[in-house]
Amino acid sequence: MSSALSPHPVAIVAPPALLACVAGLSCRRGRRRLFEGLDLSVAPGEAVWLRGRNGSGKTSLLRLLAGLGTPECGELAVASRVVYVGHATALHADLSAAEALSFLLARHGSHGHRADASTVHAALCRVGAQAQADVPVLSLSAGQRRRIALARLAAETEPSLWLLDEPLDALDADGAASVTALIEEHLQRGGAAIVASHHPFGNERWTPRVVDLDRLH
């Protein structure tokens with residue numbers, strides 16, 4: 001990464017020692033600048049907690065890192081494998097929970113093909129959603145839908161960069177504990193996670209590094 005900032009951001013694969021590296025990043029939505037001058041590096045095994053009031057740019061930053069937007073200026077580099085789970089669950093309402101998860105894994109999974117039934121079942125079990133496997137997504141509660149969407153993480157085994165937008169929203173204590181455990185296992189494998197959340201996460205064995213976007217306005 002060059003030291004000079006370019007008005008046209010450069011997206012490259014992060015160096016092996018880092019899974020994400022950002023320099024002087026600024027983001028604008030319409031006429032309003034959400035944040036500016038963001039410097040951030042994320043190493044394997046590290047979790048970052050994005051904090052900030054509504055509209056501070058948490059979701060926008062995750063989308064930039066996922067390659068779904070263009071910054072106003074700055075440079076960014078990310079891992080070759082990025083897993084983005086947005087605030088919307090992206091589940092097909094007319095499919096069963098198992099079918100919807102299978103579709104997500106086929107579209108976004110690390111192998112790019114339809115997941116077998118045992119993989120889907122194991123992933124649902126990890127988030128405590130196996131009882132909803134045959135239930136139409138349309139009939140699930142918000143918390144159950146969130147669990148199904150996050151079950152996708154249980155099928156990920158590569159040391160990738162996870163970008164999670166409000167993953168604990170609508171979850172009860174058991175659901176939040178399941179997601180926290182998935183993140184911990186991911187970090188232990190050498191992965192990294194950047195999590196935008198209004199809810200604290202982590203446990204007695206690990207705590208995330210806090211990045212407060214309210215300070216960059």
Side-chain angles (χ1 to χ4, degrees), residues 1-3 5 9-25 27 35 37-52 57-69 71 74-87 104-105 107-112 115 119 122-123 126-127 149-168 176-197 199-213 215-216:
M1 177 178 296
S2 63
S3 58
L5 299 182
V10 178
I12 59 175
V13 175
L18 297 173
L19 291 181
C21 187
V22 169
L25 203 67
C27 178
F35 59 82
L38 174 63
D39 297 321
L40 175 65
S41 61
V42 185
E46 186 175 21
V48 172
W49 177 13
L50 288 183
R51 296 178 59 181
K58 300 184 299 296
T59 293
S60 295
L61 176 56
L62 292 182
R63 289 180 59 83
L64 293 179
L65 291 169
L68 300 175
E75 295 182 343
L76 61 88
V78 296
S80 58
R81 172 70 180 156
V82 173
V83 176
Y84 173 64
V85 180
H87 190 253
L104 280 182
L105 292 175
R107 184 174 182 181
H108 302 291
S110 58
H111 302 295
T119 298
R126 284 302 313 273
V127 297
L150 292 167
R152 170 188 168 194
L153 300 177
E156 292 286 338
T157 58
E158 297 182 16
S160 52
L161 174 65
W162 287 5
L163 306 172
L164 310 180
D165 194 356
E166 298 293 351
L168 305 183
S178 297
V179 173
T180 299
L182 287 174
I183 296 174
E184 180 178 10
E185 292 171 13
H186 176 63
L187 301 180
Q188 291 173 344
R189 290 193 298 266
I194 303 177
V195 181
S197 178
H199 306 281
F201 65 100
N203 55 37
E204 65 278 3
R205 293 178 298 276
W206 64 277
T207 55
R209 173 160 56 98
V210 175
V211 174
D212 190 344
L213 292 186
R215 300 182 179 181
L216 296 173

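Keep in mind that this is a model prediction, so the values were computed, not measured.
Contact record, Gly57 with Leu213: C-CD1, 3.5 Å, taken as the closest heavy-atom pair. Contact between Ala193 and Ile183 at its shortest, heavy atoms only, is CB-CG2, 4.3 Å. Considering all non-hydrogen atoms of both residues, Ala151 and Ala123 come closest at O-CB, 3.4 Å. The nearest pair of heavy atoms linking Val48 to Phe201 is O-CZ, 4.2 Å. Between Asn203 and Arg205, the shortest heavy-atom contact is OD1-N, 2.8 Å. Considering all non-hydrogen atoms of both residues, Leu161 and Ala79 come closest at CB-CB, 4.3 Å.
Expressed to the nearest 0.5 Å, how far CG of Leu19 lies from CG of Leu65 amounts to 11.5 Å. Put simply, NE2 on His199 and CD on Glu166 are 6.0 Å apart, with the number rounded to the nearest 0.5 Å. To the nearest 0.5 Å, atoms CD (Glu156) and CD (Glu185) are separated by 13.0 Å. The distance from atom CZ of Phe35 to atom CG of Leu64, rounded to the nearest 0.5 Å, is 5.5 Å.
Ring orientation note: the planes of Trp162 and His186 are close to parallel, at an angle under 30° on the 30°/60° scale.
Side chain of Lys58 to main chain of Gly52: a donor-acceptor pair is present (N/O by atom type, distance under 3.5 Å, no hydrogens or angles). Trp49 places no side-chain N or O within 3.5 Å of a backbone atom of Pro200 that could act as its donor or acceptor partner.
Residues meeting the side-chain hydrogen bond (donor to acceptor under 3.5 Å, both in side chains) test with Thr119, sequence neighbours left out: Asp116. Annotation: side-chain hydrogen bond (donor to acceptor under 3.5 Å, both in side chains) contacts of Asp212 (sequence neighbours excluded): none. Every residue meeting the side-chain hydrogen bond (donor to acceptor under 3.5 Å, both in side chains) condition with Ser60, not counting sequence neighbours, appears here in chain and number order: Arg29.
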Start with the C-alpha distance between Leu153 and Leu164, add both sets of side-chain angles, then the distance that settles side-chain contact (heavy atoms from CB on, under 4.5 Å), and finish with yes or no.
CA-CA 10 Å; Leu153 300 177; Leu164 310 180; 4.1 Å; yes

May I have the step-by-step check of side-chain contact (heavy atoms from CB on, under 4.5 Å) for Arg209 and Leu40, ending in yes or no?
CA-CA 11 Å; Arg209 173 160 56 98; Leu40 175 65; 3.7 Å; yes

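Contact check for Ile194 versus Val211: no side-chain heavy atoms found under the 4.5 Å cut-off. Looking at Thr59 and His87, their side chains never come closer than 4.5 Å, going by heavy atoms from C-beta outward. With contacts defined as side-chain heavy-atom distances shorter than 4.5 Å, the pair Val83/Arg152 qualifies. Taking 4.5 Å as the limit, every side-chain heavy atom of Val195 sits out of range of all side-chain heavy atoms of Leu168.
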